Number of protein chains: 2
Amino acid sequence: MTAHGMQGEPEVLLTPAEVASLFRVDPKTVTRWAKAGKLSYIRTLGGHRRYPEAEVRALLGAATTSDDDAKKD
Amino acid sequence: MTAHGMQGEPEVLLTPAEVASLFRVDPKTVTRWAKAGKLSYIRTLGGHRRYPEAEVRALLGAATTSDDDAKKD
DNA sequence: CTAAATTTGGGTAATTCGGGCG
DNA sequence: TATGTCCGAATTACCCAAATTT
């Protein structure tokens, strides 16, 4: 790969509102996912949660594009 | 504002009730379309389905005003 | 430091899920 | 085959006030 010796990638963090918009759910629901351990997160010094974009993107990528395994007739 | 870097496609998702209203059917029917592979969808971390608005709009736009589309299965 | 917007937490209604029936 | 409805269980949405972030 092509890393110039970069260790520790810039972990892009998303706010609850961002994640909620992506999933079309309420920010509160995202909080529940975090509490349930379904979503990784870090906390700010004030106690707010921040979510890694990579994780969220991966979860959103689990779409069923019309016909993955469509059986033809 | 947040200029965090816009590069993802604004994938607007709709809830089952939204899609159902647009098609004038029960949400259950929308679920069946999804299961049948006729409609793509993603799942929330809780298992609920969310449908891409673009896909739904495209399907809604496939209206038939003439009988030239009289093809069915 | 002040101000506006967001997030947190708890509790309750609405929605969705899944299977089965007509 | 396709759609609508019933049921129970799970998930999600909206209500509030206080704290945090920018």
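Lettering follows sequence order; numbering is per chain, from 1. On a predicted model such as this, the values are computed, not experimentally measured, just so you know. Every heavy atom of this structure was used, including side-chain atoms; hydrogens, water molecules and symmetry mates were not.
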Note to self: For B/R24, is the CZ atom crowded, meaning more than 12 foreign heavy atoms sit under 6.0 Å from it?
What the structure shows: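 Counting other residues, nucleotides and ligands, CZ of B/R24 stays at 12 neighbours or fewer.
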Checklist line | Shortest non-hydrogen contact from A/Y51 toward A/T31 | finding: OH-CA, 3.8 Å
Residue [X], side-chain heavy atoms: nucleotide from [options] that is nearest:
{"X": "B/P16", "options": "C/dT6, D/dT12, C/dC17", "answer": "C/dC17"}
{"X": "B/H48", "options": "C/dT16, C/dT6, D/dC14", "answer": "C/dT16"}
{"X": "A/R43", "options": "D/dT3, C/dT16, C/dT8", "answer": "C/dT8"}
{"X": "A/D26", "options": "C/dT15, D/dC14, D/dT3", "answer": "D/dC14"}
{"X": "B/W33", "options": "D/dT3, C/dT8, D/dT5", "answer": "D/dT3"}
{"X": "A/K38", "options": "D/dT11, C/dC17, D/dT21", "answer": "D/dT11"}

Do [X] and [N] have a side chain to base donor-acceptor pair shorter than 3.5 Å?
{"X": "B/K35", "N": "C/dG18", "answer": "no"}
{"X": "B/R32", "N": "C/dG18", "answer": "no"}
{"X": "B/K28", "N": "C/dG19", "answer": "yes"}

Does the side chain of [X] reach to within under 4.5 Å of the side chain of [Y], using non-hydrogen atoms?
{"X": "A/R50", "Y": "A/P16", "result": "yes"}
{"X": "B/V19", "Y": "B/L39", "result": "yes"}
{"X": "B/R32", "Y": "B/V30", "result": "no"}

Rounded to the nearest angstrom, tell me the gap between atom [atom1] in [X] and atom [atom2] in [N].
{"X": "A/R49", "N": "D/dT21", "atom1": "CZ", "atom2": "P", "value": "13 Å"}
{"X": "B/L13", "N": "C/dT16", "atom1": "CG", "atom2": "C1'", "value": "16 Å"}
{"X": "B/F23", "N": "D/dG4", "atom1": "CZ", "atom2": "P", "value": "12 Å"}
{"X": "A/E18", "N": "C/dA5", "atom1": "CD", "atom2": "C1'", "value": "14 Å"}

Check: Watson-Crick or G-U wobble partner for D/dT1, using a 3.5 Å limit on both distances?
Finding: none
Next item on the list: Check whether any side-chain nitrogen or oxygen of A/T31 sits under 4.0 Å from OP1 or OP2 of C/dG9, and answer yes or no.
Entry: no
Checklist line | First encountered from the 5' end of DNA chain D, between A/V25 and A/T44 | finding: A/V25
